[in-house]
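See below for the structure under consideration.
Residue numbers count from 1 along this sequence.
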Amino acid sequence: MPLSGAHICLYEDGTKVTEEFFPTLPDHTELVLLCRDQTWSGVVCDIGQLLSTDRHADGLIEAAKGLLSHERSPKRRKILTDLLLNLEDRSELESRKEDEDWFRGVDARFKTKSAYMKFNCENRIRGYMKEVDDALKTIQKTKVRAEFLKTSKCLGEMLKEARYNGCYFDRTEKEPDRLCTREGWFTCQGSFDQKLCQSLHSINPYGSRESRIIFSTWNLDHR
């Protein structure tokens, strides 16, 4: 490394270490040595590098598994588990033959992930309509009951015509019709009174069996 322009900063937050500042540092402080044109903004740089490349994914997976096996802190175990869940991503695989583990517990008639996810969406919306039918039984006033029944029947016919909007979960559908990206990523749309989810929740049920199962609890409206 050329000496001209070289400088040192704190690994933690990128603070530049001057000659006067150096003697005040505690023992074992982590430092970063940089060339003239290099910058360091702290640990976020490491995170950025991890997110920008897949070159070290296998090594990260093994390291995370090793840390997880000895970790006792519930908070850190959760972070490591979530990291593994996203690193072990097989979303590029589509057929049962390519990713048998993803289809574990899925009916044999489904040969692709998209076909199952489409069925899953249809089934979920049918379940919502069952809740609507159950709500009808709680209405006491005849006039209100009649209007509710008329509306629910109309909604049911619309959904049947639209094939219960199974396209929402099918990543092979055109963009206006699906709720996910082409790769299968879904993003929380936020609660009904917000334009978007401030927490930026996201999940890809196409990535792994675990993600598929977790997605079954998602309502995409921050609940």
Side-chain angles (χ1 to χ4, degrees), residues 74 78 81-82 84-86 88-91 93-96 99-223:
K78 177 64 167 59
T81 300
D82 288 346
L84 280 170
L85 190 64
N86 287 285
E88 296 182 300
D89 177 57
R90 298 186 299 277
S91 58
L93 306 178
E94 173 68 11
S95 70
R96 179 182 287 270
D99 193 358
E100 293 182 355
D101 183 69
W102 192 94
F103 287 88
R104 194 150 46 93
V106 173
D107 194 287
R109 73 179 185 273
F110 297 106
K111 306 302 181 185
T112 66
K113 294 179 180 180
S114 297
Y116 173 76
M117 291 300 296
K118 186 172 186 176
F119 167 81
N120 181 271
C121 184
E122 293 171 359
N123 200 44
R124 187 183 294 200
I125 293 180
R126 286 192 180 95
Y128 294 153
M129 286 305 299
K130 179 65 168 56
E131 293 180 18
V132 171
D133 293 338
D134 291 341
L136 178 65
K137 302 173 183 176
T138 66
I139 301 176
Q140 302 297 324
K141 294 184 178 180
T142 305
K143 186 175 181 180
V144 176
R145 183 183 178 89
E147 285 297 320
F148 187 92
L149 181 60
K150 179 181 177 181
T151 302
S152 64
K153 281 186 175 181
C154 180
L155 177 59
E157 289 299 321
M158 292 172 64
L159 287 172
K160 188 180 295 184
E161 186 177 344
R163 298 183 179 180
Y164 293 92
N165 294 320
C167 56
Y168 285 171
F169 292 180
D170 183 355
R171 65 179 178 180
T172 64
E173 291 283 349
K174 295 180 180 179
E175 189 170 359
D177 300 323
R178 53 182 161 84
L179 297 180
C180 62
T181 66
R182 178 62 67 185
E183 293 76 23
W185 283 97
F186 289 82
T187 302
C188 177
Q189 298 174 350
S191 56
F192 72 95
D193 56 348
Q194 296 181 344
K195 291 185 178 180
L196 51 83
C197 170
Q198 298 298 323
S199 300
L200 303 177
H201 298 128
S202 60
I203 188 172
N204 189 341
Y206 289 85
S208 67
R209 177 175 178 270
E210 290 74 16
S211 294
R212 169 174 65 78
I213 294 172
I214 293 173
F215 182 74
S216 66
T217 66
W218 269 52
N219 285 328
L220 300 176
D221 61 355
H222 202 73
R223 289 189 296 164

Would you find a donor on one side and an acceptor on the other, under 3.5 Å apart, between the side chain of [X] and the backbone of [Y]?
X	Y	value
Arg104	Arg209	no
Asn204	Glu183	yes
Arg126	Tyr164	no
Arg145	Gln140	no

Give, for atom [atom1] of [X] and atom [atom2] of [Y], the distance between the pair rounded to the nearest 0.5 Å.
X	Y	atom1	atom2	result
Ile214	Ser208	CD1	OG	7.0 Å
Leu159	Glu157	CG	CD	9.5 Å
Ile203	Glu210	CD1	CD	11.0 Å
Glu175	Leu179	CD	CG	11.0 Å
Asp89	Trp185	CG	CH2	6.5 Å

Problem set entry | NZ or CZ of Arg109 within 45° of Phe119 ring axis and under 6.0 Å |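 Yes, cation above the ring, under 6.0 Å and within 45°.
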Exercise. Going by the angle between their ring planes, with limits at 30° and 60°, are Phe186 and Phe215 parallel, tilted or perpendicular?
Worked result: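 Aromatic pair Phe186/Phe215 classed tilted.
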Exercise. Any idea how Tyr206 and Trp102 line up, ring-wise: parallel (<30°), tilted (30 to 60°), or perpendicular (>60°)?
Worked result: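 If you compare the ring of Tyr206 with that of Trp102, the planes turn out parallel.
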Decide yes or no for [X] and [Y]: does some side-chain heavy atom of the first lie under 4.5 Å from some side-chain heavy atom of the second?
X	Y	answer
Ser91	Arg171	yes
Asp107	Tyr116	no
Asn120	Arg212	no
Leu136	Thr138	no

Heavy-atom pair of closest approach, residues [X] and [Y]:
X	Y	value
Tyr168	Asp177	CD2-O, 3.3 Å
Met117	Pro205	CE-CG, 3.6 Å
Arg178	Glu173	NE-O, 2.7 Å
Ser114	Glu94	OG-OE2, 2.8 Å
Val106	Arg96	O-NH2, 3.4 Å
Leu93	Lys113	O-NZ, 3.0 Å

For this session: Run the salt-bridge test on Lys130 and Asp133 with the 4.0 Å N-O cut-off and return the result as yes or no.
Result: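 Salt bridge between Lys130 and Asp133, a charged N being under 4.0 Å from a carboxylate O: no.
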